[in-house]
There are 2 protein chains.
Amino acid sequence: MTTRERPTLEAVARRAGVSRATVSRVVNGSTTVAATIREAVNRAVEELGYVPNQAARSLVTQRTDSIALILPETANRVFSDDLFFPAIIRGVGAELEAADKQLVLMMTGSEAGHHRVERYAVAGHVDGVMFASIHGADPLPGLLARRGIPVVCSGRPMTADPPVPYVDVDHAGGVAAAVRHLVADGRRKIATIAGPQDMVAGIERLTGYHASLRDAGLPELVAQGDFTRESGILAMRDLLERGPDLDAVFAASDLMAHGALQALRDAGRRVPDDVAVIGFDDFEISRYSDPPLTTVRQPIAEAGRTMARQMLRLIAGDPEVAPSVVLPTELVIRASA
Amino acid sequence: MTTRERPTLEAVARRAGVSRATVSRVVNGSTTVAATIREAVNRAVEELGYVPNQAARSLVTQRTDSIALILPETANRVFSDDLFFPAIIRGVGAELEAADKQLVLMMTGSEAGHHRVERYAVAGHVDGVMFASIHGADPLPGLLARRGIPVVCSGRPMTADPPVPYVDVDHAGGVAAAVRHLVADGRRKIATIAGPQDMVAGIERLTGYHASLRDAGLPELVAQGDFTRESGILAMRDLLERGPDLDAVFAASDLMAHGALQALRDAGRRVPDDVAVIGFDDFEISRYSDPPLTTVRQPIAEAGRTMARQMLRLIAGDPEVAPSVVLPTELVIRASA
DNA sequence: TTGTACGCGTTATCAG
DNA sequence: CTGATAACGCGTACAA
């Protein structure tokens, strides 16, 4: 391994026969440099393979040009068949790439990881921190914000101690559309498989269910899941037991809806003839399920892009950053309901 | 958002009534500081919420205490039902956590991303770079190594321009064990579903297949896949068409093996009665397939841990870092073969 | 045991 | 348009 010394600005300057200042200007794309000199400097940079020392640079600029995306989950959860994280990462990545910022992914399933991320950010490793999801009343976003670090969350934080800008989708509106569709179809015993109640997405979809059924004057039937397919299977079995006469089920995630489809099939119920099923997400796979899943589409990648844009504004010092952006959801009707 | 000034060493020193040097010593855990002073300093640190400026610190120490793990894939590939990446990330994460180093994940599916990672590393953002996989003759590992940046790869790099330390598993040995098992079981028409031939894992498993069948004096039958389940389905159909009389198939990944199981079922072949199937990976789900999958176990998380350990040694300047570590594989016999 | 003083590699502010 | 020169915040010989 060649442990050659890294060339400095000084070295480039000597080789090009100019001052450090001039080299710095060229490297940073200043226009006020004579063409001939610029060329000489660029040649020297090339020959020496010069790359600016990030530590020195950010010591004076106060910037690192890299931004963290926190995945407050364990590796097992992040990397599963749940396509939420990939989608949000794609959205964030695309927007940051366009802005030439480096995306830094950090998983913090454990408590210790949580604390290390805090130090990492406060120490100035990154210019800002985005959260891909929030569990319970996670203090970290507020903590960082109070430190003056730009923070944006995906999903409304449950604690708004110092209010942190967030991007979310219209959960309630999506659920309402789903329930309306079921009611219009003549369904009268509409159950739900709720998401985890330590996450705003889970809570708001359940709240939306409550509100919609109340408006429609229909009886409720709730089972608890955690967004995963397995939990959908278990919850559906539970529902069938407690409400054998149900004729529809709204699952708070596509994966749980798929689990429900499977459990219904196992129980000999036909979808949608006996039981209508609606999910929430609109993952790719939902187009190919049996039957294809009617579901509430939420623009996850778009949420990621939006989150990144807000972050870039925050970093740029834009005072006009909206405290929240809520993206619309949309009912996608296929065969299951 | 409180944009309070970040306290510096100087501020802490003033408050504690000591010099900057002393504060620095306390913060870095030097033992040569009087207990009373240490306490006063710690109190000041606490009160001010002081956290060392990473840029300033690494400007002098030449270290950042964070290490990158490159996933040279798109988000779609990284976050799929392939459990390779989660496993390796878990292994790496555990080892780095113990060493109190921060793990930084970077995905570089695109060409541009590739280049940005190079600059990121060369600029000194991280102390070292690990690669979770390698495609073709990726020049990046060598490029970084030549720059004097510690590099470790998971999987033998196809180009060893400057030889880069790597951790891999015994592909050939695993394949040989699988084929031996099939032959001993009386199978005589053993096909294979090969992995992508731009990755060493794909190449070596196919090479191993060639060698094993040659040794056994049996005819070959090869179809091409890319480690995914879908490619396994397609490849199996292809094989059945070209070799209707095959009585066994070795798939170079568990996911492809699962695809093969499905295709065989669709074709009305019984497993293992008509066709024996063996995979490669031993993912959790392979215990629950129908039938449970006989497969070659490769210790992925252990490879991640080993890779991290090698990296830590490299960073510590240990001259005794092995140029390569090859972990054993093991045939796990279940019901499919 | 503690403090002084220098240097790490850049950028930015001034003169020239 | 270019070149000195002063920060930026910290670690660490060296001196006290």
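Chain A is the first sequence line, chain B the second, and so forth, proteins listed ahead of strands; every chain is numbered from 1.
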| request: Mind calculating the distance between CD (E10(A)) and C1' (dG7(C)) to the nearest angstrom? | output: 13 Å

| In residues 22-34 of chain A, which residues come under 4.0 Å of DNA chain D by heavy atom? | T22(A), R25(A), T32(A), V33(A), A34(A)

| note | Residues passing the ring-ring contact (aromatic ring centres under 6.0 Å, His included) test with F131(A), sequence neighbours excluded, are none

| said: Under the rule for salt bridge (charged side-chain N to carboxylate O under 4.0 Å, His left out), what residues qualify as partners of D127(A), not counting sequence neighbours? | reply: none

| field | With Y120(B) via ring-ring contact (aromatic ring centres under 6.0 Å, His included) - residues at least two apart | value | H125(B)

| query | For A145(B) and V151(B), which heavy atoms make the closest approach, and how far apart are they? | reply | N-CG2, 3.9 Å

Between the protein and nucleotides 6-9 of chain D, which nitrogen or oxygen pairs come in under 3.5 angstrom?
residue, atom, partner, partner atom, Å
dG9(D), N2, A56(B), O, 3.4

| request: Name all residues meeting the side chain to side chain donor-acceptor pair (under 3.5 Å) criterion together with Q62(B); count only those two or more places apart in sequence or in a different chain, and write none if there are none. | output: none

| field | R305(B)/E302(B) under salt bridge (charged side-chain N to carboxylate O under 4.0 Å, His left out): CA gap, chis, key distance, verdict | value | CA-CA 5 Å; R305(B) 273 194 296 276; E302(B) 178 59 29; 2.8 Å; yes

| Is a side-chain donor-acceptor pair under 3.5 Å present for R313(B) with Q310(B)? | yes

| request: Can you see which heavy atom on L103(B) is nearest to which on G93(B), and at what distance? | output: CD2-CA, 4.2 Å

